[in-house]
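These values consider heavy atoms only, across backbone and side chains, with no hydrogens, waters or symmetry-generated copies. As the structure lists them, so they are numbered: ligands from 1, and atoms in each ligand from 1.
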Amino acid sequence: MRSYSIAIHGGAGTLVKGMMTPEKEASYKSALKKALLIGQNILEQKGTALEAVQRSVMALEDSPLFNAGKGSVFTANGSHEMDASIMDGQTLKAGAVSLVTGIKNPIALALDVMERTDHVFLAGAGAMDFAKHLNYQIMEDSYFYDELRHQQWIELKDTANFQLDHSQKKDNKFGTVGAVACDLQGNLAAATSTGGMTNKRFGRVGDSPMIGAGTFANNATCAVSCTGSGEYFIRGVVAYDLSCLIEYKGLSLEAAAMEVVHNRLPKLGGDGGLIAVDALGNIALPFNTEGMYRASRNNMGKVEILIYRN
Ligand code: GLY
C-alpha cells in the first residue's frame with residue numbers, strides 16, 4: 001500500500017554537538033517536531049503534498065528559532081527582508097516572493113503568487129503591493145524583533161560584512177527553513193523560506209526564492225528544498241541539478257543528493273545541505289556542514305528529529 005513521506009529542515013551550519021545547552025537543543029527539536037506533525041497530519045488525512053509543505057513551513061516561520069518569518073535576521077538597514085518559494089511537482093506550477101517586509105508568512109504569499117496570478121516570481125515593492133491587494137496584515141517591526149538576532153546584526157552593522165546565520169561563528173546557527181513531501185497520491189511538493197543573511201545590503205537575494213536553485217519539485221523526479229550559502233546554490237542550480245541527475249542520468253534520489261551536496265557544491269566552495277523526496281517516498285537529507293536541523297517521517301512510518309551528524 002502506498003504511504004506518504006515528509007521532511008523538513010531548519011537550516012544547516014556550524015552545529016557542533018555540545019555547543020548548545022540541552023534546553024536549547026530540546027526547544028529546537030520540539031519546534032521541528034511540531035512543524036513535522038502539522039504536515040504529517042495533513043498527509044495522513046489524504047491532504048496534498050502542497051498543503052503539507054506550506055503548513056509545515058508556516059509553523060517554522062512562526063518560530064523565533066529559525067531564520068524565516070518571525071525569526072528573520074536583520075538587514076544592513078535594520079529591517080527584515082524575506083524570501084520564499086513553493087512548487088507543485090504534479091503541475092510544475094510555482095510561486096515565489098523576494099524582499100518582502102512585514103509579512104508574517106512569506107510562504108503563504110508565494111503560494112498566492114502561484115495560485116492567484118499568471119506569474120511565478122514577484123519581488124520587492126511589487127510583491128508588497130500584491131500582499132496589500134490580498135489584504136495581508138503587515139506586521140510591526142516589533143513582531144520580528146529578537147535580542148539574539150539584533151546582537152548578531154550589531155556585531156556586523158556599519159561594516160561591509162554579512163553573515164549567513166549558519167556559518168562561521170560557532171554560536172550563531174539559525175537557518176533557512178524548508179519542507180518536501182510525497183502525498184498518498186504520489187504527488188510531490190517543495191517549499192523554502194528565509195530571512196537571508198544578517199547585514200545584507202543592496203537587495204541581496206539568495207537561492208531560497210529561486211525555483212531550480214533553492215526549491216524544485218517534479219513528480220517524475222523529486223522535490224527539493226535547500227539551505228546554505230545561497231550564492232553557491234544559485235550558481236550550482238542545485239535543486240534542479242539534483243532532479244536532472246535523476247531524470248537524465250538515472251541516479252537514485254540518494255546518489256543524486258550525495259553527488260550535488262558532497263561533490264558538486266564543495267567544488268564551487270559552497271556549504272549547506274538539502275532535503276529531498278521522490279515519488280516512491282524515499283528521503284535524502286545530506287549536508288556538508290557540521291549539522292542541519294532536520295526532521296522526517298519516511299514511507300515506512302519512521303520518524304527522525306536530528307541536528308548533528310550521526
Ligand atoms: N540559503 C539562504 C540564503 O542564502 O539566503
Side-chain angles (χ1 to χ4, degrees), residues 8-15 57 60-61 65-76 79-87 96-101 103 106-107 110 121 123-124 127 144 149 152-153 156 161-169 172-180 190-216 224-242 257 260-261 264-266 268-276 285-294:
I8 63 171
H9 70 76
T14 320
L15 301 165
V57 166
L60 294 166
E61 286 176 337
L65 294 173
F66 305 102
N67 175 19
K70 183 169 178 53
S72 292
V73 296
F74 284 80
T75 66
S79 69
H80 307 274
E81 290 172 349
M82 297 167 283
D83 308 326
S85 65
I86 190 162
M87 187 161 183
V97 291
S98 184
L99 303 174
V100 296
T101 54
I103 303 292
I107 200 67
F121 201 161
F144 300 96
R149 290 278 188 276
Q152 288 172 343
W153 173 54
L156 295 175
N161 297 335
F162 51 86
Q163 186 181 310
L164 193 63
D165 46 311
H166 353 261
S167 62
Q168 286 139 16
K169 290 194 67 180
N172 288 343
K173 31 196 156 12
F174 307 94
T176 300
V177 306
V180 294
T192 311
S193 181
T194 191
M197 287 175 155
T198 297
N199 211 36
K200 65 182 180 178
R201 301 189 292 169
F202 309 131
R204 180 265 179 191
V205 177
D207 60 314
S208 302
M210 295 189 191
I211 299 300
T215 305
F216 191 71
V224 187
S225 170
C226 299
T227 171
S229 310
E231 280 68 11
Y232 300 98
F233 284 75
I234 295 170
R235 288 165 55 202
V237 201
V238 167
Y240 185 61
D241 195 28
L242 201 169
V260 292
V261 171
R264 298 183 180 209
L265 199 51
L268 289 175
D271 59 344
L274 58 83
I275 54 173
L285 311 164
F287 52 93
N288 61 27
T289 48
E290 278 89 345
M292 179 168 79
Y293 295 111
R294 61 202 186 279

Next on the checklist: If only side-chain N and O atoms count, and only distance matters, is there a donor-acceptor pair under 3.5 Å linking Ser208 with Thr192?
Outcome noted: no
Checklist entry - Which atoms of ligand 1 have any heavy atom of Ser208 under 4.0 Å away? => result 1 (N), 2 (C)
Next on the checklist: Does any N or O of ligand 1 fall below 3.5 Å from an N or O anywhere on Glu231, backbone included?
Outcome noted: no
Item to check | Close approach of Arg204 to ligand 1, heavy atoms, under 4.0 angstrom | outcome: yes
Next on the checklist: Side chains of Ser229 and Asp271 only: does a donor on one sit below 3.5 Å from an acceptor on the other?
Outcome noted: yes
Checklist entry - Is the closest side-chain heavy-atom distance between Lys70 and Glu61 below 4.5 Å? => result no
Checklist entry - In terms of atom number and element, which parts of ligand 1 are under 4.0 angstrom from non-hydrogen atoms of Gly196? => result 5 (O)
Checklist entry - Any N/O of Gly228 closer than 3.5 Å to an N/O of ligand 1? => result yes
Checklist entry - Under 4.0 Å from any heavy atom of Thr176, which atoms of ligand 1 are there? => result 1 (N), 2 (C)
Checklist entry - Hey, does Met197 come in under 3.5 Å of ligand 1, counting only N/O atoms on both sides? => result no
Next on the checklist: Is Thr227 close enough to touch ligand 1? Criterion: a residue heavy atom under 4.0 Å from a ligand atom.
Outcome noted: no
Item to check | Non-neighbouring partners of Phe144 that pass side-chain contact (heavy atoms from CB on, under 4.5 Å), sequence neighbours left out | outcome: His80, Met82, Met139
Checklist entry - Any side-chain heavy-atom pair from Ile211 and Phe216 closer than 4.5 angstrom? => result yes
Item to check | With Phe121 via ring-ring contact (aromatic ring centres under 6.0 Å, His included) - residues at least two apart | outcome: none
